[in-house]
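Values in this document were obtained by computation on a predicted structure and should not be read as measured data.
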Amino acid sequence: MIEKINLNNILFLDIETVPEEENFHSLDDEMKGLWEHKTQYQRKDDFSPEEFYDRAGIWAEFGKIVCISVGYFVVKGDVRNFRVTSFFGDEKKILRDFNNLLTNHFNQAQHILCGHNAKNLIFRLWHVA
């Protein structure tokens with residue numbers, strides 16, 4: 001089946017995230033409580049919510065995107081090249097620029113997004129962009 005996929009229709013992506021706030025103490029009381037509740041099963045008894053906060057970037061609710069890098073194939077003549085582009089800076093700008101790429105170049109039924117944990121990116125696009 002994978003042999004039938006046209007490589008030119010795939011957008012490969014990687015998303016880099018960090019915690020929304022610099023440290024656990026920067027969160028307001030409500031967010032601290034939500035963090036504690038959200039991570040209770042992953043932390044078990046090994047870590048306090050504060051000690052576990054460096055992992056906050058992997059949850060869409062507690063992290064922010066600092067970079068999205070994409071790769072895609074471009075055919076010129078009989079040569080296929082792989083291009084790489086990165087979006088970085090303010091999260092809203094990153095998401096708007098990435099959304100523009102999707103809208104203008106990868107918005108047809110045959111297009112495929114390929115990335116690790118890409119569902120969180122789509123969640124952020126719907127809620128921020």
Legend entry - Listed partners of K32 passing side chain to side chain donor-acceptor pair (under 3.5 Å), at least two apart: none
Inset, instruction - Please report the closest heavy-atom contact between R43 and S48, naming both atoms and the distance. - result: CD-O, 3.7 Å
Inset, instruction - State the CG-SG distance between N9 and C114, to the nearest 0.5 angstrom. - result: 13.0 Å
Inset, instruction - Identify the heavy atoms of I58 and T17 that sit nearest to each other, and give their distance. - result: N-OG1, 4.0 Å
Inset, instruction - Mind checking the CD-CE spacing from E21 to M31? Nearest 0.5 Å is all I need. - result: 8.0 Å
Legend entry - Distance, nearest 0.5 Å, that separates CG of D54 from CZ of F24: 12.5 Å
Legend entry - Note, F62 side chain near T39 side chain (heavy atom, < 4.5 Å): no
Inset, instruction - Give, for atom CD1 of I112 and atom CG of L7, the distance between the pair rounded to the nearest 0.5 Å. - result: 9.5 Å
Inset, instruction - Check the hydrophobic clustering (I, L, V, M, F, W, Y; side-chain heavy atoms under 4.5 Å; chains of links allowed) and say if F82 and I10 are grouped together. - result: yes
Inset, instruction - Of all the heavy-atom pairs spanning Y72 and L11, show the shortest one and how long it is. - result: CD2-CD1, 3.9 Å
Inset, instruction - Measure the shortest side-chain to side-chain distance between L101 and T85 over non-hydrogen atoms and say whether it is less than 4.5 angstrom. - result: no
Legend entry - Any residue meeting side chain to side chain donor-acceptor pair (under 3.5 Å) with S26, in chain and number order, not counting sequence neighbours: N23
Legend entry - Within-4.5 Å side-chain heavy-atom neighbours: F98 and V70: yes
Inset, instruction - Determine, using the 4.5 Å side-chain heavy-atom cutoff (strictly less than), whether L13 and F88 are members of one ILVMFWY cluster. - result: no
Legend entry - Partners meeting salt bridge (charged side-chain N to carboxylate O under 4.0 Å, His left out) with D97 (sequence neighbours left out): K93
Inset, instruction - State plainly whether one hydrophobic cluster holds both V18 and F52, where clusters connect Ile, Leu, Val, Met, Phe, Trp and Tyr through side-chain heavy atoms under 4.5 angstrom apart. - result: no
Inset, instruction - For E30, check side-chain contact (heavy atoms from CB on, under 4.5 Å) against everything at least two apart and list the hits. - result: D28, L34
Legend entry - For E61 against K38, the heavy-atom pair lying closest together: OE2-NZ, 2.8 Å
Legend entry - Heavy-atom closest contact (E16 atom, D14 atom, distance): OE2-OD2, 2.6 Å
Legend entry - Least distance between heavy atoms, I65 atom then E91 atom: N-OE2, 2.8 Å
Legend entry - Qualifying residues under side-chain contact (heavy atoms from CB on, under 4.5 Å), relative to N8, sequence neighbours excluded: N6, F73, V75, R80
Legend entry - With Y53 via ring pair (Phe, Tyr, Trp, His ring centres under 6.0 Å) - residues at least two apart: W35
Inset, instruction - With rounding to the nearest 0.5 Å, note down the distance linking CD1 in I94 to CG in N99. - result: 13.5 Å
Inset, instruction - Please tell me if the side chains of N107 and L102 come closer than 4.5 Å, counting only heavy atoms from C-beta onward. - result: no
Legend entry - Q40 CD to D45 CG distance, which is reported to the nearest 0.5 Å: 11.0 Å
